[in-house]
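If you read the sequence from its start, that first residue is 1, and numbering goes on from there.
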Amino acid sequence: AGGRRGEVYVGIDVFGRGCFGGGGYNSDKALQVISRQRLSAALFAPGWVFETQDKAHFFQNQDKFWTLLSPYCPLSAPLPLPIVSSFGRGCGNVVAIDGKVVFEGAWTNLSAQDLQPSFNGKPTDFDPQRAINVNGVTVNISSAFNNGASLKLQGRFRKGGSTKLAVVRLFKVDVSLGDPLLVAYTFSEDKGSGVRHYLQLKTPKKTVVLLDPNAAHAAAQTSSELLPGYSLPRSHEVPLPSWCTHHLLAPLPEPHGRELHRLFTGGGEQAGAWRTSYFLVQCEALSDAWVEEVSIALCPDASGNHKPLFGLDIGELKILDPRCVSSEIRTSTITNVHCCDVQYQRCHQHPRCPNDTVSLTLRWLAIDNATDPVEHCNVYSSCILGKPGDSPSSWQSDYVYLGRAHTSCFRVIGLDLLDKDSNFSFEFRVQPVTVARRKPSVEDSPCLVVEVTP
């Protein structure tokens, strides 16, 4: 094949039928030989993991399978802006929006997959002389800030070890530091664990920018001068010794952090154990540099009170062009919400259904702006007893999350008609969520009221 060796594909049957190495968890043996010959590989039936292994431990088995293959698989191309991930895998046991759980139960929606870490083979190294080591990096589908998962880091302390940073590599990127970067870092940490963590931006020259979400002096020392065109100040750079090649930045103080959180959550406050720190990264000394890797760096804090084990959940990471939150940018909108294909199901026709139900299809038009287009829509419903707007005789329930749509339509199935003898309506809200995860509040989202026919 000469110079076209990479265009020759060698098949690997994961079920091991006539395959070198026997397939299964030994599929890497065949891939290693193929890689040595500088040929390409075609992997057949990776569903072997689900079909033959313990389904109760599917994610652990899936990660094991691909981790064995990863040394021989090229990394995907570096990521440009925007870089946004809540680490969702398109399935889970909960759905959360801005830290609030809106649905509990098993679900699957492959359109809801998030960007996954680039370094899934060996994201961290082990150093027996270091005071802190990360021995587990897993996707947790039972805890989420947005979508249905978070990235869980687990590790342990070693007394008397060195204070060298432990690094968990996340994303291979290609982002210039010549222009400001808006970074949002959402996490939940074990209280009193004794671990300090940073979001780390690494350049090809090994210069590192550390974003410290716990910098206590940020509010007092951050400049109030706004960067022209961005309506935000730059993050304060914490002084470090002259020999240090790192740059340590503090998060934006209030009111800027609160205003950014309002833009991204539609007015919501910081929820539960989740915290979000916002940074506007602009280092004049690095104006000609590029970020090639994003990672989490950890080290013991100065308290000396360290638990043997620690845990850290990363809920969401966003690296954005700050102009996406500029007041000059028109927000993406949803218009012309309407419904069709309305169907009623009477309970006497189906004994297993305790109530009459209604099903319908919602449709709408999305008007995007090129800077921050709509990625998906959250759909909510509310019940109205009495004639809509006929206050105070009417009563309206809280909004209930129905699901998310990645197209301009959503099928609502089996809404209970709880009061068949009263005037009854459903109010539907379609909440647009942009690529940068900006959204209006549910109450400010486009609305459609559907009156129920008894």
Got a donor-acceptor contact below 3.5 angstrom from the Q53 side chain to the E51 backbone?
no
For the student: nearest non-hydrogen atoms of F426 and D416, plus distance
CZ-O, 3.4 Å
List the residues meeting ring-ring contact (aromatic ring centres under 6.0 Å, His included) with F59, not counting sequence neighbours, and say none if there are none.
none
Using distance alone, with no hydrogens and no angle criterion, decide if E316 and S86 have a side-chain donor and acceptor under 3.5 Å apart.
yes
Between S235 and L280 (side chain of the first, backbone of the second, donor and acceptor by atom type, cut-off under 3.5 Å), is there such a pair?
yes
Side-chain donor-acceptor pair present, R169, S295, cut-off under 3.5 Å:
no
For R363, look at atom CZ and say whether over 12 heavy atoms of other residues, nucleotides or ligands are found less than 6.0 Å away.
no
Using atom types as modelled and distance alone, determine if a side-chain donor or acceptor of S382 lies under 3.5 Å from a backbone N or O of S397.
yes
Students often mix this up, so state it plainly: with edges at 30° and 60°, are the rings of F65 and W48 parallel, tilted or perpendicular?
tilted
Contacts satisfying salt bridge (charged side-chain N to carboxylate O under 4.0 Å, His left out) that involve residues 82-109 (not counting sequence neighbours) are D63-R89, D98-K439
Give the minimum heavy-atom separation between F157 and G194, together with the two atoms involved.
CZ-O, 3.4 Å
Does D313 use its side chain to pair, donor to acceptor, with the backbone of G315 at less than 3.5 Å?
no
Quick one: does E292's side chain have a donor or acceptor within less than 3.5 Å of a partner on K202's backbone?
no
Using a strict 4.0 Å threshold on nitrogen-to-oxygen distance, state whether D372 and K318 make a salt bridge.
no
According to the interplanar angle, ranging from 0 to 90°, do the rings of H261 and Y278 count as parallel (below 30°), tilted (30 to 60°) or perpendicular (above 60°)?
perpendicular
Tell me, yes or no, whether the heavy-atom count around R156 atom CZ, taken from other residues, nucleotides or ligands under 6.0 Å, exceeds 12.
no
Examine distances only and state if a side-chain atom of S70 and a backbone atom of T67 form a donor-acceptor pair shorter than 3.5 Å.
yes
Set of residues satisfying salt bridge (charged side-chain N to carboxylate O under 4.0 Å, His left out) with respect to R429, sequence neighbours excluded
E427
ring-ring contact (aromatic ring centres under 6.0 Å, His included) against F103, all qualifying residues, sequence neighbours excluded:
none
Should the ring pair F58 and F50 be called parallel, tilted or perpendicular, given that the plane angle runs from 0 to 90° and is split at 30 and 60?
perpendicular
Report the distance from atom OG of S118 to atom CG of L170, rounding to the nearest 0.5 Å.
8.5 Å
Which residues share a ring-ring contact (aromatic ring centres under 6.0 Å, His included) with F187, sequence neighbours left out
Y185, H197
For Y380, the ring-ring contact (aromatic ring centres under 6.0 Å, His included) test, sequence neighbours excluded, returns Y401
Whether the S142 and N93 side chains hold a donor-acceptor pair (N or O, under 3.5 Å, no angle test) is what I'd like checked.
yes
